[in-house]
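What follows is a set of notes on a single structure, which appears directly below.
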There are 2 protein chains.
Amino acid sequence: MPLRDQKKSRVTLLDVARHANVSRATASLVIRKSPLVGSETRARVEEVMRELGYVYNMGAARLRAERSHTVGVIVPNLTNPFFAELLSGIEAMIDDAGLVVILANSGDLVERQDVVMQRMREHGVDGVILCPAAGTEPTYLRRATEWNLPLVQVLRHISDEADYAGVDYAGGMHQAVDYLVSLGHHRIAFAVHGPIHSAYHERISGFGEAMRSHGLGADMIIRVPNQLGEIANSANLLLNHSEPPTAVICFNDVIALGLSAGLYDCGVKIGSDFSLIGFDDVTDAEAMRPRLTSVSTAPATIGENAARLLLSRLRDPLRSPEKIVQQTQLHVRQSCAPAMIAAV
Amino acid sequence: MPLRDQKKSRVTLLDVARHANVSRATASLVIRKSPLVGSETRARVEEVMRELGYVYNMGAARLRAERSHTVGVIVPNLTNPFFAELLSGIEAMIDDAGLVVILANSGDLVERQDVVMQRMREHGVDGVILCPAAGTEPTYLRRATEWNLPLVQVLRHISDEADYAGVDYAGGMHQAVDYLVSLGHHRIAFAVHGPIHSAYHERISGFGEAMRSHGLGADMIIRVPNQLGEIANSANLLLNHSEPPTAVICFNDVIALGLSAGLYDCGVKIGSDFSLIGFDDVTDAEAMRPRLTSVSTAPATIGENAARLLLSRLRDPLRSPEKIVQQTQLHVRQSCAPAMIAAV
DNA sequence: AAAAGATTTTAGATCGATCTAAATGCGCAT
DNA sequence: ATGCGCATTTAGATCGATCTAAAATCTTTT
């Protein structure tokens, strides 16, 4: 029983309406679950939809209703475990709301971000969750406002004029520094990598504040490679320092894993000879031995927060900008030891 | 200069056409880069588009052209590093082709897969790249054919009636077994987890074949938990065996990381006391010490292969089904030692 | 200059759903 | 039986792009 010729087999709402002996507008009210339709009529139309295998055409609805039920998600990296967990949290919330995620990788480049943002606009996304590429200017977010495009910044804060879901990076740095100081460490390094962005600045200044609050110097900041496999070689930056640190706080768990491997290669025993703290507490770090002490940021929860903000923005476009800042939690495990027995 | 009232600020192709003194159809031909338009006319129309900030409406185009320029990607897990790398490869190829990825997580459940597949159809995706949930039947893929929905299976093979991009799992198992046997190991275990699917069967049978080809028993298969943090506890399954193995091949690198940690906890030295091989060679395993010997499957490349197949299918819908099977490569590092000095 | 052929542009219909106000049907009261 | 009020259904326009064949314009040939 073809309703259309073989080249186009799509069952439309008009087909459904004809079979159910109602108008297209009634059939449309049925699929939108409008209370204005009688229950008999509704049942009849729904039965016909099932029989004919009707599939809603979101594209057609979108043209008239000016709503695509899609959300753009732009991240700077797809393979870093942190972003994988963030994306997981975002997708779960968006899915729960009955929308779909259109995904793009900016590669942490503003030019690529422009390209994918334009593509999102062409696809008429209802809103965007953006982890801004390094170097993104506040004017960039202002343009989204001009476009009437709902937007949530996540993890990297560019502007107070848009919603933001992030982490209390400074608070997390304080927790790490305070803990190491409580173990008697005075020479504490901070290992960083990646591009300069708000999350970077917050961690740097958080480290500085925390160290100074204990009357300690905050200048021992080493820069390591971005690639996990190359970070191990940077362990000697710590060991060959004129005044070697007794502990290191890592910008993220990728650095913690990499430095841990490098210190192992140099015969240094973490958790006795040397203390090390990660940041983010991603799942992948669970396999590290000794067990990693890490500042937990719960990336999946941050993703959920971002999605929550966007969904809220879609319901109330004129709501004033809001921030959800996730508090960190230090998970003490076995990668740190008191400084007195940790002397190198 | 609002061209519409404030409630709807969208610049349409009709606006562009009026400003450029051409018809809508001509303006449409310009944005589609049709060779049928004169260069003067083209330049004029393009200039007007820039001035007015015209943004293409993909949804409108889709309604008439029956093409959405979107590709559905359904994976069973978003946080496993393997799938993160696979997704990265897919997104890169799809982006290169000027399409966008609509992402969904099936949670490895057929019922969820049904829901997200339906949603993909409503959104009118041009095609789907599907890593089938465990328990997916061949009839499931047959339905995609009935829907005229281009589909590529990736990693888990359900049916010969659809394109498939995967790995030569059996070949990889042979490489691992051959290598351990070349080191003198005879008692080799195989550590598995996760749901039963084609990739699972291929690895099991590949292990069996490889072991039997060396006249060895293939019954030492241990099942470990799915969560990375819980796998370590399974190390004693190896150590407390009536005839303890001297080596283990891990179903994937997640298991390798987890068992490595568990063996460390038991005081077993990998790469001297005991030999261990991973599978997939994901980036995250680069931090392991001793350095992990792993069978490389290049997940990002598999993702690219899957996308390549789908793009090819979009160009030639009637092409016969094709398979791209990625050959594995054993990356020998330091997690294995000869059996004679590896006696437990 | 006129005709023929090639190139470029156009008019009107179409895609499948939603919107909006009008029409219709039903139940109740007089 | 008629009128009123409410519930339900409907007709026609709309959304913004593409499709398709016809019309218009330009170039070349006779």
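Side-chain atoms are counted along with the backbone in the values below, which use heavy atoms only and exclude waters and symmetry mates. Here is the naming used below: chain letters follow the sequence lines, and residue numbers restart at 1 for every chain.
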Check your understanding: Asn305(B) side chain to Ala165(B) main-chain N or O, any donor-acceptor pair under 3.5 Å?
Key -> no

**Study point:** Arg67(B) side chain vs Arg62(B) backbone, donor-acceptor pair below 3.5 Å
**Key:** no

Practice item. Please work out if Leu36(A) contacts a base, only the sugar-phosphate, or nothing of the nucleic acid, heavy-atom cut-off 4.0 Å. Key: base

Review point. Base, sugar-phosphate, or nothing: which does Arg32(A) touch, judged by heavy atoms less than 4.0 Å apart?
Key: sugar-phosphate

Practice item. Test Asp163(A) against Lys323(A) for salt bridge (charged side-chain N to carboxylate O under 4.0 Å, His left out), laying out the working first. Key: CA-CA 6 Å; Asp163(A) 293 327; Lys323(A) 283 188 193 177; over 6 Å; no

Among [options], the nucleotide that comes nearest once only the side chain of [X] is considered:
X	options	answer
Leu63(B)	dG16(D), dT9(C), dT18(D)	dG16(D)
Thr26(A)	dT10(D), dG16(D), dA17(C)	dT10(D)
Ala61(A)	dT8(D), dG16(D), dA17(C)	dA17(C)

[X] [atom1] to [N] [atom2]: how many Å, rounded?
X	N	atom1	atom2	value
Glu66(B)	dT18(D)	CD	P	13 Å
Leu29(B)	dT8(C)	CG	P	11 Å
Arg18(A)	dG16(C)	CZ	P	11 Å
Asn57(A)	dC15(D)	CG	P	18 Å
Asp15(A)	dG16(C)	CG	P	8 Å
Leu13(A)	dC19(C)	CG	C1'	14 Å
Glu122(A)	dG16(D)	CD	P	16 Å

Exercise for review: Measure from NZ or CZ of Arg142(A) to the centre of the six-membered ring of Tyr140(A), then state whether that distance is under 6.0 Å and the direction lies within 45° of the axis.
Suggested key: no

Review point. Mapping Arg24(B) and Ala25(A) to their closest nucleotides on DNA chain C, which lands nearer the 5' end?
Key: Arg24(B)

Study note, to complete from the structure: Judged by nearest nucleotide, the residue sitting upstream toward the 5' end of DNA chain C, Arg64(A) or Val37(B), is Val37(B)

Check your understanding: Under 4.0 Å between a side-chain N or O of Ser23(B) and OP1 or OP2 of dT10(C)?
Key -> yes

Review point. Could a donor-acceptor pair under 3.5 angstrom be found where the side chain of Arg62(B) meets the base of dG16(C)?
Key: no

Revision key, fill the gap. With Leu13(B) as partner, the option from Arg18(B), Met49(B), Arg24(B) fulfilling side chain to side chain contact (heavy atoms under 4.5 Å, CB included) is Met49(B)

